[in-house]
Number of protein chains: 2
Amino acid sequence: MSERVVPEPRRRRRRPTKQGVVLSQELIIDTALRLIEQHGAEALTVRRLGAALGADPSAVYRYFHSTDDLLLAIADELIGLAQADWRATGDWRADLRAIGLRIHSAYLAHPQAAVLAAHRTTGRTHETAAVEAILSVLRTAGFPDQEAVRIYHAFVDQSLGFAALDAAALALPAAAATADLRVWQSSYARLDATTHPHIAATAHLLTADMRSSGYPYALDLLIDAAGARLAALR
Amino acid sequence: MSERVVPEPRRRRRRPTKQGVVLSQELIIDTALRLIEQHGAEALTVRRLGAALGADPSAVYRYFHSTDDLLLAIADELIGLAQADWRATGDWRADLRAIGLRIHSAYLAHPQAAVLAAHRTTGRTHETAAVEAILSVLRTAGFPDQEAVRIYHAFVDQSLGFAALDAAALALPAAAATADLRVWQSSYARLDATTHPHIAATAHLLTADMRSSGYPYALDLLIDAAGARLAALR
DNA sequence: CAGGCTATGTCAACGGCGTTGACGGATGAC
DNA sequence: GTCATCCGTCAACGCCGTTGACATAGCCTG
């Protein structure tokens with residue numbers, strides 16, 4: 001992997017495309033997100049991106065070294081969208097919960113980007129701002145530095161992990177998703193209550209919750225546990 | 001997506017490959033895992049798998065409908081490896097912790113498979129056994145059904161989410177990983193303490209923990225929170 | 001206005017990918 | 001021995017990311 005920061009931001013000579021479009025990093029990122037949103041996760045390829053832009057696919061490489069670079073840029077865009085207009089309320093539980101839910105939903109809006117970007121580090125401004133905001137909430141609430149950093153890590157990784165998982169499920173072709181659901185139900189139906197008593201006893205609850213994400217509940221658990229540790233410190 | 005269960009398990013006529021290998025589902029799965037382990041995540045392609053098997057790539061399609069089917073089979077294999085030799089101890093905290101750590105490390109051993117398989121449902125025996133084991137631990141501990149199912153979902157998704165995230169990080173080419181790390185450090189070094197006071201105050205702690213997974217800590221938080229809810233019920 | 005420089009869009013090509021359909025040699029049944 | 005069938009092989013299709021050579025538009029200098 002070579003350097004990031006590809007073509008030096010100072011770009012003055014812009015030649016319009018054969019089809020009359022003037023390219024830019026911003027336009028490419030927006031078009032990529034639109035492509036994902038409209039035509040599904042797997043529609044994001046350089047060739048289709050070029051077609052959607054009205055430009056030759058290889059023109060993208062004047063703005064990003066590779067698709068990996070493009071994805072990092074998209075990732076930072078998503079973080080920015082998640083944090084837009086957010087303000088701390090002073091209630092650290094509510095703040096943490098709000099940040100988590102925003103990250104989760106921002107990533108879910110663009111599943112493929114989430115899956116590929118969740119574990120990367122962009123080092124760009126939106127990401128740094130988000131880190132600062134989370135640490136601010138925790139340290140202002142009174143967590144000692146060591147504990148704040150641990151909780152920060154657990155919180156971020158949990159949020160991104162759930163987002164990646166849920167996004168991956170969303171990114172599945174509809175046929176595969178319903179096939180998976182049918183596999184669950186038929187495998188439950190076939191189970192013997194004597195060999196799998198606990199599944200049999202809770203089958204109705206298990207399948208009922210299958211569609212929705214477990215993230216909000218897990219987030220509450222994390223916040224509760226953190227609150228307990230904070231109380232114990234006093 | 002078409003039906004699973006591809007070529008009917010009763011297969012009697014096996015012709016050896018040009019290179020003298022006798023194929024089977026099991027051999028293909030094992031070879032695929034070996035390929036991932038030895039040559040990295042992106043080495044698993046049908047063509048390289050064929051080469052590693054000593055067979056024509058298209059021969060794989062006699063045993064699996066597609067690479068997706070193959071991945072589901074690999075996923076169930078991983079779950080089986082994670083649960084091998086596990087026995088409940090009667091201490092639900094210890095049991096839950098042990099199951100979580102086993103899932104996490106089994107998936108980390110095969111990052112690419114984890115990333116692709118974590119969100120899928122195989123409906124095979126290993127998966128069902130794992131679900132039964134987890135539910136058994138929770139219900140035996142005294143959690144009411146509704147609560148047990150909720151914690152089950154949070155627990156499984158958290159484990160798989162972290163596993164997918166950590167696996168994705170492991171699956172990165174070494175160059176990209178160190179590049180990400182350098183980006184972190186240099187972005188911290190450049191930060192102004194007046195604009196990002198909380199990052200500046202904890203920078204030494206943040207970078208120190210960067211390499212290790214936050215999963216064990218998050219797992220403890222979840223178990224603590226679950227314990228608190230159990231205590232509140234009594 | 002002329003000429004050149006260079007940024008940037010275009011083109012053609014490379015090698016790799018998953019997947020498919022036709023082919024035919026080996027295998028087991030009788 | 002004959003025959004049907006399984007299953008490994010081959011060749012091909014249409015995608016993919018990426019690259020290097022080329023051409024041309026826009027700006028700068030004079």
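Both backbone and side-chain heavy atoms feed into the values below; hydrogens, waters and symmetry mates do not. The model shown is predicted, which means the values in this text are computed figures rather than measured ones. In what follows, chains are A, B, ... by sequence order, proteins preceding strands, each numbered from 1.
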Less than 3.5 Å apart, which donor and acceptor atoms pair up between the side chains of residues 49-58 of chain B and the rest of the protein, not counting sequence neighbours?
unit_1, atom_1, unit_2, atom_2, d
B:D56, OD1, B:S58, N, 2.9
B:D56, OD1, B:S58, OG, 2.6

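The separation between A:Q25 atom CD and C:dA7 atom P is 16 Å, rounded to whole Å. Here C:dA7 presents its P atom at 12 Å from OH of A:Y63, a figure rounded to the nearest Å. Atom pair B:F64:CZ and C:dT20:P shows a separation of 16 Å (rounding to whole Å applied).
Not a single side chain to side chain donor-acceptor pair (under 3.5 Å) links B:T202 to another residue, sequence neighbours left out. Partners of A:R47 according to the salt bridge (charged side-chain N to carboxylate O under 4.0 Å, His left out) rule, which considers only residues two or more places apart in sequence or in another chain, do not exist here. The ring pair (Phe, Tyr, Trp, His ring centres under 6.0 Å) test applied to B:F155 returns no partner, not counting sequence neighbours.
Counting only residues at least two apart or in different chains, side-chain hydrogen bond (donor to acceptor under 3.5 Å, both in side chains) contacts with residues 76-86 of chain A comprise A:D76-A:T122.
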Nucleotide by nucleotide, nucleotides 10-18 of chain C touches protein heavy atoms under 4.0 Å in the pattern (B base, S sugar-phosphate only, - none) BB-B---BB
